[in-house]
Amino acid sequence: MGGFAVITVSDRCFAGKQTDTAGEAVTRLMESAWPGQTVGRGLVPDKVEAIATLLHELCHQEYRLILTVGGTGLGPRDVTPEATRQLIDREVPGLAEAMRALTSPAYRFAWLSRAVAGLRGSTLIVNLPGSQRGATECLQAILPLLPHALEIIVGGSVHPAAG
């Protein structure tokens with residue numbers, strides 16, 4: 001893997017009014033799952049242009065996986081999916097569907113998430129919720145899928161046995 005980046009999307013964190021616990025938790029989880037990988041971090045306000053600009057910059061760096069944290073709900077400032085859709089070439093709807101399906105038994109409001117996942121070139125972008133619990137549980141739901149997804153994105157063709 002060529003490294004990963006975690007972008008926190010939050011007006012309050014960007015303004016210094018709140019501590020970014022969700023982005024930190026996602027970073028720790030990824031570092032424990034893939035030790036030794038290049039880690040990028042970003043923090044932007046809930047603005048389509050700011051999110052899209054940072055996503056674009058990170059896609060042109062060494063990162064193969066970008067995880068956004070926040071801005072996936074129904075609020076008027078929740079615009080991370082719109083910013084993500086501006087950049088991606090192809091959606092990977094199964095990842096967002098898996099996050100909602102696997103976390104909804106414990107948290108029924110998971111179905112209200114508008115998170116998307118998709119590819120820009122050979123970079124996979126995945127939107128995660130903004131709460132620490134929601135972000136880590138959604139990431140844990142798809143974490144077993146990511147190594148194979150990242151291998152296939154760069155041209156791998158070996159599919160693991162079903163099971």
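Each residue takes its place number in the sequence, starting with 1.
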Item to complete: Sequence neighbours left out, what passes salt bridge (charged side-chain N to carboxylate O under 4.0 Å, His left out) with E31? Give chain and number order.
Response: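 Partners of E31 under the salt bridge (charged side-chain N to carboxylate O under 4.0 Å, His left out) test: none.
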
Practice prompt. Please list, chain by chain and in numerical order, all residues satisfying salt bridge (charged side-chain N to carboxylate O under 4.0 Å, His left out) with E49, sequence neighbours excluded.
Written response: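 Counting only residues at least two positions away or on another chain, E49 forms no salt bridge (charged side-chain N to carboxylate O under 4.0 Å, His left out).
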
Quick one: salt bridge (Lys or Arg N to Asp or Glu O under 4.0 Å) pairs with a partner in [range], sequence neighbours left out?
range: residues 141-150; answer: none
range: residues 90-100; answer: R85-E91
range: residues 132-142; answer: R133-E137

Partners of [X] by side-chain contact (heavy atoms from CB on, under 4.5 Å), sequence neighbours excluded?
X: Q132; answer: T21, A22, A25, R28
X: I153; answer: L119, S122, L124, L150
X: A83; answer: V48, I51, A52

Fill in: Validation row: R114, D78 side chains within 4.5 angstrom (heavy atoms)
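Contact flag for R114/D78 side chains = yes.
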
Worksheet item: Do the side chains of L146 and L139 get nearer than 4.5 Å, heavy atoms only?
Response: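 Yes - at least one pair of side-chain heavy atoms lies under 4.5 Å apart.
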
Calculate, to the nearest 0.5 Å, the distance between atoms [atom1] and [atom2] belonging to [X] and [Y] respectively.
X: I125; Y: I66; atom1: CD1; atom2: CD1; value: 5.0 Å
X: L145; Y: M99; atom1: CG; atom2: CE; value: 10.5 Å
X: L87; Y: E82; atom1: CG; atom2: CD; value: 13.0 Å
X: T136; Y: L143; atom1: OG1; atom2: CG; value: 11.0 Å
X: C59; Y: L54; atom1: SG; atom2: CG; value: 9.5 Å
X: M30; Y: F4; atom1: CE; atom2: CZ; value: 4.5 Å

Discussion item. For a side-chain contact (heavy atoms from CB on, under 4.5 Å) check, start with the C-alpha distance between V154 and R64, then their side-chain angles and the critical distance, and finish with the verdict.
Written reply: CA-CA 9 Å; V154 295; R64 302 234 349 259; 3.6 Å; yes

So if you build clusters from Ile, Leu, Val, Met, Phe, Trp, Tyr with side-chain heavy-atom gaps below 4.5 Å, do [X] and [Y] land together?
X: V116; Y: V126; value: no
X: V92; Y: I88; value: no
X: V79; Y: L128; value: no
X: V26; Y: I142; value: yes

Worksheet item: In chain order, what residues pass the side chain to side chain donor-acceptor pair (under 3.5 Å) check against T68, with sequence neighbours excluded?
Response: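 Side chain to side chain donor-acceptor pair (under 3.5 Å) check on T68 returns N127.
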
Worksheet item: Excluding sequence neighbours, so at least two apart, what forms side chain to side chain donor-acceptor pair (under 3.5 Å) with Q86?
Response: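 Partners of Q86 by the side chain to side chain donor-acceptor pair (under 3.5 Å) criterion come out as none, since no residue qualifies.
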
For a quick test of reading the model, state the closest non-hydrogen atom pair linking [X] to [Y] and the distance between them.
X: G130; Y: V69; result: CA-CG1, 4.1 Å
X: A117; Y: L95; result: CB-CB, 3.9 Å
X: A141; Y: A98; result: CB-O, 4.4 Å
X: L65; Y: W34; result: CD2-CZ3, 3.9 Å
X: A50; Y: V44; result: O-CG1, 3.9 Å

Discussion item. Test your reading of the model: is there a side-chain donor-acceptor pair from S113 to the backbone of A110, 3.5 Å cut-off?
Written reply: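 No; judged by distance alone, with no hydrogens or angles, the pair does not exist.
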
Worksheet entry | Pairs involving residues 101-112, ordered by first then second residue, that meet side chain to side chain donor-acceptor pair (under 3.5 Å) (sequence neighbours left out) |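 Those involving residues 101-112 are S104-W111.
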
When the side chains of residues 5-14 are checked against the rest of the protein, which donor-acceptor pairs come out under 3.5 Å, sequence neighbours left out?
residue	atom	partner	partner atom	Å
T8	OG1	D20	OD1	3.3
T8	OG1	D20	OD2	2.6
T8	OG1	R41	NH2	3.3
S10	OG	R12	N	3.4
S10	OG	C13	N	3.0
D11	OD1	D46	N	2.8
D11	OD1	R77	NH2	3.2
D11	OD2	R77	NE	2.6
D11	OD2	R77	NH2	3.0
R12	NE	Q18	OE1	2.8

